[in-house]
Colleague: 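Have a look at the structure that comes next, please.
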Protein chains: 2
Amino acid sequence: MDSVKQISLAQHAYEKRDRFSIAVSVDCVIFGYEDNELKVLLIKSDLEEYEQQWSLLGDLVQIDENLDDASYRVLKWRTGLDDVYLEQVITLGELDRHPAGRVITVVYYSLVNIQDHQLRLKDNEVHWHSVNDIQTLAFDHKHILDVCVEKLRTRIWESPVVMNLLPEKFSLRELQNLYEAILNTQLDRRNFRKKISLMNWLEDVDEYEQDVPHRPGKLYRLSSH
Amino acid sequence: MDSVKQISLAQHAYEKRDRFSIAVSVDCVIFGYEDNELKVLLIKSDLEEYEQQWSLLGDLVQIDENLDDASYRVLKWRTGLDDVYLEQVITLGELDRHPAGRVITVVYYSLVNIQDHQLRLKDNEVHWHSVNDIQTLAFDHKHILDVCVEKLRTRIWESPVVMNLLPEKFSLRELQNLYEAILNTQLDRRNFRKKISLMNWLEDVDEYEQDVPHRPGKLYRLSSH
DNA sequence: TCAAAAGTGTTGTTTCTACACCCATGG
DNA sequence: CCATGGGTGTAGAAACAACACTTTTGA
């Protein structure tokens with residue numbers, strides 16, 4: 001699917017829709033992880049009012065489409081990725097949140113591996129940004145991002161979902177770096193390993209890091225049970 | 001506002017709205033507490049498809065109305081209560097969830113004191129039901145209820161919101177009964193009191209229970225700081 | 001042999017759980 | 001004086017935080 005075409009379709013829809021009905025959109029906070037930093041995928045806003053500002057990826061929900069399906073569609077369209085973790089976070093519907101009229105948006109976040117070979121950003125205007133560097137975004141998207149980061153920070157100890165941000169096989173050091181990036185804090189190595197191992201989330205793949213200038217670490221993957 | 005009139009207005013709106021646009025509603029899970037049981041306010045469904053089934057209280061969101069405002073409106077209209085705790089929980093939009101067409105619903109739960117003098121159920125069809133006794137509800141409302149109960153069970157330890165279910169002044173025994181009803185479990189009295197007192201949620205009002213056939217307990221209220 | 005990170009265990013502190021007795025009141 | 005629930009403390013267990021040394025590898 002051609003993303004440029006889709007953008008204008010979406011814009012068209014926003015502009016044409018009935019002044020007397022409510023539009024429903026999904027916005028996806030697509031998280032990635034690279035260079036020890038939590039990233040988020042953003043696009044240059046295509047609205048005049050927010051010219052040159054970055055915004056989250058979203059689209060209007062079609063009338064014959066589930067909410068979850070709509071956010072999978074946005075994700076697939078923007079990243080080429082299938083089979084990705086998605087979680088609904090909040091729904092926002094302030095009257096003035098969209099300049100084109102009344103748009104209620106259902107917010108999801110998702111976690112993708114930036115190194116995934118299937119990942120193809122199909123638009124020059126779509127880029128990864130370090131979450132920590134973001135000061136403002138178009139619409140209420142900065143607020144949305146903040147809420148999603150907060151949610152992610154609690155999820156991190158409840159389920160192994162964040163491992164979707166890493167390659168299939170990873171070392172405990174990489175995992176700890178990821179946790180530290182998301183939480184914006186330092187963790188004790190021994191306590192971290194103890195805690196993670198008690199969760200029983202990981203499966204030893206019996207391989208080691210390669211080409212590292214020091215003793216290689218063991219590799220793990222998300223356990224299947 | 002006349003509730004019967006509003007019901008038919010809402011129904012009218014469902015029936016009349018554009019086949020090609022999405023309707024947005026709010027559904028409120030209004031919790032109460034009475035006779036040591038967690039209750040929820042339900043109404044007889046006014047749709048043919050769900051004749052004689054109970055459903056949650058909700059309404060379509062107006063185009064010039066915030067989501068929060070819409071759920072406050074539903075709450076005020078059904079209970080007469082103002083200034084009540086409301087929390088958004090989830091948004092559901094399965095294609096077939098409403099027989100009249102595509103309706104996406106934003107779910108809130110709220111906590112009211114059944115003994116509040118301002119509480120006036122303005123409709124014969126609106127009644128309190130014990131949460132534990134509910135097997136089925138119209139639409140996907142049983143699922144919605146389950147999600148809200150689960151949310152409430154985690155909130156209970158994170159914030160003092162559940163005290164909205166009790167009268168202004170209450171004893172620790174009443175509070176513990178409430179916790180036990182919500183969690184569907186027994187709690188140790190001494191450990192419960194220790195835990196609650198560490199939270200610093202309560203303020204001693206220097207009064208005691210009256211007319212109890214045993215040593216009266218101290219009364220507390222939600223602390224202002 | 002050096003540098004860099006991997007791997008690992010113990011101790012003290014805090015939090016959690018289980019548990020029993022005396023007290024104040026009304027009938 | 002009896003029945004009923006109010007009020008309280010402690011000891012053992014579990015979870016958590018702080019902390020340092022040896023090992024493996026590549027350069």
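In what follows, every heavy atom counts, from backbone to side chain, and hydrogens, waters and symmetry copies are set aside. All values reported here derive from a predicted model rather than from experimental measurement. Throughout, protein chains are lettered first and strands after them, A, B, ... in sequence-line order, and every chain is numbered starting at 1.
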Colleague: Both B:V212 and A:E209 contact DNA chain C. Taking the nearest nucleotide for each, which residue is further toward the 5' end?
Modeller: A:E209
Colleague: How many whole angstroms separate atom CD of A:E174 from atom C1' of C:dA5?
Modeller: 13 Å
Colleague: To the nearest Å, give me how far apart NE2 (A:H214) and P (D:dT22) are.
Modeller: 20 Å
Colleague: Has the side chain of B:K194 got a donor or acceptor atom sitting under 3.5 Å from an opposite partner on the base of D:dT10?
Modeller: yes
Colleague: Reckon B:R193 touches a base, only the sugar-phosphate, or nothing at all at heavy-atom distances under 4.0 Å?
Modeller: base
Colleague: When you measure from the side chain of B:D188, which nucleotide among D:dG7, C:dC19, C:dG7 comes out closest?
Modeller: C:dC19
Colleague: Closer than 4.0 angstrom, basic N to acidic O: yes or no for A:K142 and A:D146?
Modeller: yes
Colleague: Looking only at side-chain N and O atoms, does A:R190 come under 4.0 Å of OP1 or OP2 in D:dA18?
Modeller: no
Colleague: Quickly work out the A:D211 CG to D:dA27 C1' distance and round it to whole Å.
Modeller: 13 Å
Colleague: What's the CG-C1' distance between B:L172 and D:dG5, to the nearest Å?
Modeller: 13 Å
Colleague: Would A:E87 and A:R155 pass as an ion pair if we require N to O under 4.0 Å?
Modeller: yes
Colleague: Looking at C:dA4, I'd like to know if its phosphate oxygens (OP1 or OP2) sit under 4.0 Å from a side-chain N or O belonging to A:R215.
Modeller: no
Colleague: So, do B:W157 and B:Y179 have ring centers that fall under 6.0 Å from each other?
Modeller: yes
Colleague: Can you tell me the distance, in whole Å, between the CG atom of A:N191 and the C1' atom of C:dT14?
Modeller: 14 Å
Colleague: Would you please classify the geometry between the A:H127 ring and the A:W54 ring as parallel, tilted or perpendicular, with 30° and 60° separating the classes?
Modeller: perpendicular
Colleague: Step through the shown structure and confirm whether more than 12 heavy atoms of other residues, nucleotides or ligands are within 6.0 Å of CD on A:E158.
Modeller: yes
Colleague: Once you apply a heavy-atom cut-off of 4.0 Å, does B:R189 come out as touching a base, just sugar-phosphate, or nothing?
Modeller: base
Colleague: Which one, D:dG6, C:dA5, C:dT25, comes nearest to the side chain of B:R173?
Modeller: D:dG6
Colleague: Starting at atom CG of A:L198, determine the distance to atom P of C:dT8, rounded to an integer number of angstrom.
Modeller: 14 Å
Colleague: In whole angstroms, how far is the C1' atom of D:dG9 from the CZ atom of B:F192?
Modeller: 18 Å
Colleague: What integer distance in Å separates A:K218:NZ from D:dT24:P?
Modeller: 14 Å
